[in-house]
Structures are given as C-alpha cells and as structure tokens.
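Just so it is clear: chains get the letters A, B, ... in the order the sequence lines come, proteins before strands, and each one is counted from 1.
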Number of protein chains: 2
Amino acid sequence: MKLTEAKQQFISSWGAFGTHWGINRTMAQVHALLMTSSQPLSQDDIMEQLEVSRGNVNMNIRDLISWGLVDRVLIPGERKEFFTAEKDIWKVATQIIKERKKRELDPMLKLLAQLEHIDGDKKDPEVKQFVETVSGIRKFGKQADQMLDMMVKADESWFLGGLLKIFK
Amino acid sequence: MKLTEAKQQFISSWGAFGTHWGINRTMAQVHALLMTSSQPLSQDDIMEQLEVSRGNVNMNIRDLISWGLVDRVLIPGERKEFFTAEKDIWKVATQIIKERKKRELDPMLKLLAQLEHIDGDKKDPEVKQFVETVSGIRKFGKQADQMLDMMVKADESWFLGGLLKIFK
DNA sequence: ATAAACTTTCAATATTTTTTGAAAGTTCAG
DNA sequence: CTGAACTTTCAAAAAATATTGAAAGTTTAT
C-alpha cells in the first residue's frame, strides 16, 4: 500500500471513529492529519488536504488547541502560522482523559452528589431504587475518577510495558 | 428535593452526558428512566414519562437490548411487554466496555495493523512518521484492549474496593 | 500610514441525526 | 376465524450539528 492511500484511509477512519465518541469528523481528521505529518502544516495545507473550508479548519484547530492536542508553531521566515500535533500517543491519551474528566465526569459527579438527598419516605421502593442507583453510579464514578487521576500521573511504562503483572 | 424533580434532573443530565459520548439523547434517557425505576415499565409508560413517540421508544429500547443493558420482562396477566434495566453499575459498565470494544476498538486495531505495511522508502520522514504514529496507536490500543478484557473478567470488588493499593 | 498577508467570526446553508406517526405486521383471547 | 391489543417499520419532517465563505479584524513589512 502506498503512503498516500494509507494516510487517506487512516484519516477517514479516524474521523469515523471519532464520531462514535462524540468528536466531530473534521476535528478528528485534522488531528489524524497532523499526527501523521512529520512537518508542521498551515491552515492552507490542511484545507487543501482535507478539502474543507478555511473557517472550518480554523474552528477545529482552535478546539484541538484547547484540548491541548495541537500547538501553534512559528517557522522562521514564514508569515503564516503552522500547527503540529503531539505525537506521543500516551500523552495524547492522558491529555484527553484529563480534559474529559474536567469537562464531563467532574460535573456529573457533582450533580449526582446533590441528587442523593431526596425528601420522602426512605422505605418507598421508588425512592429507594433512585437513591441506590444514583449512589451506585456516584461511587463507581469516584473510583473511576481516582483511577484516571493515577493513570494521568503515572508513567507510560507501566501501561505500555507489562501491565499484565498487576493483575497476576 | 422531591423524587420527581430529582428523577427529571437525573434523566435529563444523563441524556446530555450521553450525547458527549456518542449516545443519542433518548436512548440515554430511556436507560436512565429504567435504571431508576423499581418496577418494569411498558412502552406506554416510557412514552408518557419522557414525552417521546412510540416509534422512538421502540427503536431505542431495541438498541438498549442489543447493548445488553435492558431486558424484556413478561408480567403475568399482562398482554403488554415490560422492560427493566440492569441496575448493577459494574455490570452496566462491563457490558458497555464489552460492546464498544467489539464494535469500535477491535475493528480499529485490525485496520491499523494493515496500515503499518507501507511500500516506500523507510527513510522518508513522511513514511517514518506515519508508520511510527500508526504503530504507536496500535500498541497502545492493544494494551488498552487487554486491560479492558481483564476488567471485564475481573470482579467488581477490586475496582469498587480499594483499587488504590494496586499502584502503591 | 498603507496595504498585503494572514486569521477570525458568524449568519446563512448544508448535512447528518433523530423523531414522528400512521400504516403494516403480529399475537392472542374468545 | 375475527378483531382488539399490542409491536414494528419506515418515509417524511423536524431538530441538531457541522460547514461554508465572505466580511471584518489583526498583524507586519515597508
């Protein structure tokens, strides 16, 4: 398989994959393009390669930067801005975990904590089921939260190395 | 806070949460409703409580069943079908992990394996970067795959209990 | 100060996804 | 067998989301 073809496929699949995880197609594709590019690219490069509009590229690059996955790069002698993506997949993963935790998990846990305090008969099966479900989710979420915190702090090696040992 | 109000909030937030993770609002809400309900509910109950159409409820219930998160229940003496959701959050999580792994991670890993074989100069920086990125993602994915497999096989207790010890 | 080069914004448009509801299909009691 | 009760399907409509592109804004070289 030729590089060009493989790259196309990768970009297109990464885009499709992203949409299953609440990430818009173009953002995922821009990310894929930058991750597989050895050199920084300009907005125009990206527009051309992905065949999308200037505004679209601009917006999605902004978002990727806010996720900490892409950086602006200045190239001496060039007027334009260029962009690179973090290429270490472990760093990419921990960055995404950090952000999603902050943006989604933490607020949800905060809400669940509030919802556990229900007025009314603790013996009413409906009240009981609600409180049990919510507190179950919250406990699970807290545990996941801690685990993710540790992953983010931990070193890549225990994950990419012999993770298996842990569970013996 | 009253039960009714809390339940509304939970359902609505669970729906919003779901959309950030590629799950449609109604499916997440049906799931939330069933998880917090002590009794099985019929299609009509769900339609009424969430104010959505019959077809919509039907489709999303089907999906939830295919995800293994909801079961049909027969109630003696009733003609209608009723539905319940698995309420053990650990089982819910492992079920979701199992399905997403099968539906998304496994196919992606299969694709990445193919994309690593590029014709062309291994010294070309573009080829090199592409192969490195793809193989990095694949290694990471394989490791994640194994870790998730273990989680699914493992017992709830090491997670919901003192998970922390593992990392000392 | 000017203008070319470049970036950002955002209302309009297009696309994708979800929802509806009525018709067709199924099941079952009598 | 018949029809009432219930479920499923799916084309059309609505809603949500993403994209465009041109105008406005900014920066920089001269």
Gap between atom NZ of A:Lys7 and atom CZ of B:Phe130 - 0.5 Å precision: 8.0 Å
Distance in Å, B:Gln49 CD paired with B:Ser37 OG, rounded so as to fall on 0.5 Å steps: 7.0 Å
Say whether, by atom type as modelled, one donor and one acceptor occur between the side chain of [X] and the main chain of [Y] under 3.5 angstrom.
| X | Y | result |
| --- | --- | --- |
| B:Ser66 | B:Asp63 | yes |
| A:Asp145 | A:Lys142 | no |
| B:Thr133 | A:Met35 | yes |

Between D:dA16 (P) and A:Asn24 (CG): distance, integer Å: 18 Å
Interatomic distance where CZ belongs to B:Phe82 and C1' belongs to D:dC6 [whole Å]: 12 Å
Candidate list A:Glu86, A:Lys91, A:His31, A:Met27, test side chain to side chain contact (heavy atoms under 4.5 Å, CB included), partner A:Leu69, passing option: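 Running side chain to side chain contact (heavy atoms under 4.5 Å, CB included) over A:Glu86, A:Lys91, A:His31, A:Met27 with A:Leu69 returns exactly one hit, A:His31.
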Residue pairs fulfilling ring pair (Phe, Tyr, Trp, His ring centres under 6.0 Å) with at least one residue in residues 57-79 of chain B, sequence neighbours excluded: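 Non-adjacent pairs meeting ring pair (Phe, Tyr, Trp, His ring centres under 6.0 Å): zero.
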Stretch residues 35-63 of chain B: residues that reach within less than 4.0 Å of DNA chain D through a heavy atom: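 Listed by number, they are B:Gln43, B:Arg54, B:Gly55, B:Asn58, B:Arg62.
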Neighbour count >12 (heavy atoms, 6.0 Å) for atom CD, B:Glu48: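 No, not enclosed.
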Outermost nucleotides of DNA chain C that come under 4.0 Å of a non-hydrogen atom of chain B: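 Both ends considered, the range comes out as C:dT18 to C:dC28.
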